[in-house]
Amino acid sequence: MLDLSQFHANGEATCFHGRHIGAQIYADLNGRNWHLADYVARGGYQALRKILGQDGGTGMTPEEVIAEVKASGLRGRGGAGFPTGLKWSFMPRMFPGPKYLVCNSDEGEPGTCKDRDILMFNPHIVIEGMAIAAYAMGIGVGYNYIHGEIFDAYERFEAALAEAREAGYLGNNILGSNFSFQLHASHGFGAYICGEETALLESLEGKKGQPRFKPPFPASFGLYGKPTTINNTETFAAAPWIIRNGGQSYLEVGKPNNGGTKIYSVSGDVNLPGNFEVPMGTPFPVLLELAGGVRTGRKLKAVIPGGSSAPVLPADIMMNCTMDYDSIAKAGSMLGSGAVIVLDDTRCMVKSLMRLSYFYTHESCGQCTPCREGTGWLHRLVHRIENGQGKMEDIDLLNSVADNIQGRTICALGEAAAMPVRAMIKHFRHEFIHHVEHKTCLVPAYV
């Protein structure tokens, strides 16, 4: 996945204008070298040719492909961090009917902007990764569900699909083998809830995008009621490198249980916001330095490390974290999608929470009563405190409402709305108290 020559001896990534220059995505920062010929010149489709026994090779069995992915330590890059090889092994390969493969490119998590860049700058790496996954699981049809608000990425992916089909990398009897795989693109309409895998499946089927009750899980009852495997865009993009270079090599780029590299979308109060591909386990201060440090020399106050749904962490905790699933979880938050939102010392945490709570109120699908009613309640309470009308009991009421949402909804949007509230109050309760007592913000320089 990554051109390791792009790393300095100390392990830091080479960056340019806030973006890592590596084989995964940014082959050309102007977006010109995304075509099939450019991808093949960089070693593209070698992994697919390898597993199919092309170029004089013996090929790989599906079981061998899954074993390499397991050995790589690759975990789902969409947010949950579930081991990818293990998920692939759940697919019932001998199922007699249709099976489906779905790429979740519905990148709606605030702060996340990595998947759209993969689709724009290097779409063929996703196509190859999906073809490898389909071969490993015995799947004949796949779909890439692309967020509706990034239509240019959808058009770019469609163009890449046409190139891949014409060259024989997709379709029937790929490269003269007995492996056939049809891949299609589908775009949503911007609903945040369709990033949840079962709501995405409902939308793909032409229905209202609302989550399904689980179980049954997609591996047994997914798209059109058939076994389905769903992975994130970045997850599929890692597969070609793993197959070309071996799972152990990929694991060694990162750290145990957190193999390979991860793309972090760093935004907020930094001098060079952008996407950065660095090894899993990179210390957060290194990532912050790659992003140019805190803007205009301000002091770091807090970080939301995994997209807006992840609990906020104060600066003193975050500066001692490494960027991997286990370290961030131990600190009390989630790596999530890898959207790192940096907040400096001019930021009012009450107002920040008010904006987050409005988003989740707006994006709730309304299927579950705790989420439908609770998210609106949270927003009204925070709005009241922010605007000088709050009461001291409102702070504990916020925690109570969040407790009655979390764990009581069909999908994780309830947790996404509740966890930021609880974390903000846990770490910055004094700001809420100041708002109630003084009817104004504690941060005088708020901008």
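All figures in this text were calculated on a predicted structure; none of them were measured in a lab.
The aromatic rings of Y100 and Y224 lie perpendicular to each other, with more than 60° between the two planes, well past the 30° mark. Below 30°, between 30° and 60°, or above 60°: for W34 and H124 the angle between ring planes is below 30°, a parallel geometry.
N33 places no side-chain N or O within 3.5 Å of a backbone atom of Y39 that could act as its donor or acceptor partner. Remark: the backbone N or O of I230 is not paired with any side-chain donor or acceptor of E197 at under 3.5 angstrom. Side chain of N258 to backbone of G254: no donor-acceptor contact under 3.5 angstrom is found. Although no hydrogens or angles enter the test, the distance criterion places a donor-acceptor pair under 3.5 Å between the side chain of S357 and the main chain of M354. When atom types are taken as modelled, the side chain of R77 and the backbone of T235 share no donor-acceptor pair closer than 3.5 angstrom. Remark: the backbone N or O of G44 is not paired with any side-chain donor or acceptor of E128 at under 3.5 angstrom. N271 contributes a side-chain N or O that, together with a main-chain N or O of V294, makes up a donor-acceptor pair within less than 3.5 Å. S249 places a side-chain N or O within 3.5 Å of a backbone atom of N245 that can act as its donor or acceptor partner. Although no hydrogens or angles enter the test, the distance criterion places no donor-acceptor pair under 3.5 Å between the side chain of S327 and the main chain of M323. No donor-acceptor distance shorter than 3.5 angstrom exists from the side chain of E363 to the backbone of A191, with no hydrogens or angles considered.
Atom NE2 of residue H430 and atom CG of residue L442 lie 5.5 Å apart, to the nearest 0.5 angstrom. Here the straight-line distance linking atom OG of S105 with atom NE2 of H187 works out to 13.5 Å at 0.5 Å rounding. We find the OG-CG distance between S186 and N144 to be 9.0 Å, quoted to the nearest 0.5 Å. How far CG of L200 is from CD of E205: 10.5 Å, rounded to the nearest 0.5 Å. Atom-to-atom distance recorded for E373:CD and L378:CG is 11.5 Å, nearest 0.5 angstrom. F213 CZ to Q367 CD: the interatomic distance, rounded to the nearest 0.5 Å, is 6.0 Å.
Of all the heavy atoms in G142 and F181, the pair that sits closest is N-CE1, 3.5 Å. M280 approaches G259 most closely through the heavy-atom pair CG-O, 3.6 Å. Contact between Y192 and A416 at its shortest, heavy atoms only, is OH-CB, 4.2 Å. The shortest heavy-atom contact between C411 and T409 is O-OG1, 2.7 Å. Shown here for I66 and W88, the closest heavy-atom pair between the two residues is CD1-O, 4.0 Å. The two residues T228 and L223 come nearest to each other via the heavy atoms OG1-N, 2.8 Å.
Checked for salt-bridge contact, R429 and D396 meet the test: a charged N lies under 4.0 Å from a carboxylate O. Ion pairing of E431 with K301 is present here, as a side-chain N (NZ or NE/NH1/NH2) and a carboxylate O approach within less than 4.0 Å. Between R116 and E149 there is no salt bridge, since no side-chain nitrogen of the basic residue lies less than 4.0 Å from a carboxylate oxygen of the acidic one. Looking at R347 and D269, a side-chain N of the basic residue comes within less than 4.0 Å of a carboxylate O on the acidic one, giving a salt bridge. A salt bridge between R75 and D324 is absent, with no side-chain N of the basic residue lying under 4.0 Å from a carboxylate O of the acidic one. The residues D403 and R422 are annotated as salt-bridged, a charged nitrogen and a carboxylate oxygen being separated by less than 4.0 angstrom. With respect to R212 and E202, a salt bridge is recorded, a charged nitrogen being found less than 4.0 Å from a carboxylate O.
Side chains of Y360 and S308: a donor on one and an acceptor on the other come within 3.5 Å. In this model, a donor atom of one side chain and an acceptor atom of the other lie less than 3.5 Å apart for N232 and D115. For the residue pair T346 and R295, a side-chain donor N or O sits within less than 3.5 Å of a side-chain acceptor on the partner. Side-chain atoms of R42 and N122 include a donor-acceptor pair closer than 3.5 Å. Side-chain atoms of T261 and E277 include a donor-acceptor pair closer than 3.5 Å. Side-chain N/O atoms of Y145 and S203 include a donor and acceptor closer than 3.5 Å. For the residue pair S309/E109, the side-chain donor-acceptor check at 3.5 Å is satisfied.
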Notebook entry, point to check: After noting the C-alpha distance and the side-chain angles of V303 and M319, does the key distance pass the side-chain contact (heavy atoms from CB on, under 4.5 Å) rule?
Noted result: CA-CA 9 Å; V303 177; M319 290 299 284; over 6 Å; no
Next item on the list: Please step through side-chain contact (heavy atoms from CB on, under 4.5 Å) for the pair I146 and D106, ending with a clear verdict.
Entry: CA-CA 5 Å; I146 301 172; D106 190 69; over 6 Å; no
Notebook entry, point to check: K214 and E196: salt bridge (charged side-chain N to carboxylate O under 4.0 Å, His left out), yes or no, with the steps?
Noted result: CA-CA 12 Å; K214 292 182 284 188; E196 197 279 333; 3.3 Å; yes
Margin query: Under the criterion side chain to side chain donor-acceptor pair (under 3.5 Å), I'd like the reasoning laid out for N104 against N231: C-alpha separation, chi angles, the key distance, then a yes or no.
Written below: CA-CA 6 Å; N104 186 345; N231 281 122; over 6 Å; no
Note to self: Between H435 and C441, is the side-chain contact (heavy atoms from CB on, under 4.5 Å) condition met? List the steps.
What the structure shows: CA-CA 6 Å; H435 268 272; C441 181; 3.8 Å; yes
Notebook entry, point to check: Under the side-chain contact (heavy atoms from CB on, under 4.5 Å) criterion, do R384 and D394 qualify, and how do the steps go?
Noted result: CA-CA 9 Å; R384 190 161 75 193; D394 286 344; 2.7 Å; yes
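Counting heavy atoms from C-beta outward, M349 and V312 have side chains that approach closer than 4.5 Å. Using a 4.5 Å cut-off on side-chain heavy atoms (C-beta onward), T322 and T282 make no contact. Using a 4.5 Å heavy-atom cutoff, the side chains of V278 and V286 are not in contact. You'll find the side chain of M334 stays beyond 4.5 Å of the side chain of Y325, heavy atoms only. F284 has its side chain within reach of V340: a pair of non-hydrogen atoms, C-beta onward, lies under 4.5 Å apart. I193 is listed as a side-chain neighbour of P211, based on a closest heavy-atom distance under 4.5 Å. Side chains of M137 and K99 form no contact here, defined as non-hydrogen atoms less than 4.5 Å apart. Two residues are said to be in side-chain contact when any heavy atoms from C-beta on lie closer than 4.5 Å; L101 and V141 fail this criterion.
With a 6.0 Å radius and a threshold of 12 heavy atoms from other residues, nucleotides or ligands, K207 has its NZ atom above the threshold. Within a 6.0 Å radius of CZ in F359, more than 12 heavy atoms belonging to other residues, nucleotides or ligands are found. In this structure, H362 places its NE2 atom where only 12 or fewer heavy-atom neighbours from other residues, nucleotides or ligands lie under 6.0 Å away. Within 6.0 Å of the NZ atom in K439, the count of heavy atoms belonging to other residues, nucleotides or ligands exceeds 12.
For K262 and Y264, the positive end sits near the middle of the six-membered ring, less than 6.0 Å away and at most 45° from its axis.
Under the side chain to side chain donor-acceptor pair (under 3.5 Å) criterion, T84 pairs with no residue, sequence neighbours left out.
Separation of the Y154 and F157 ring centroids does not fall under the 6.0 Å cut-off.
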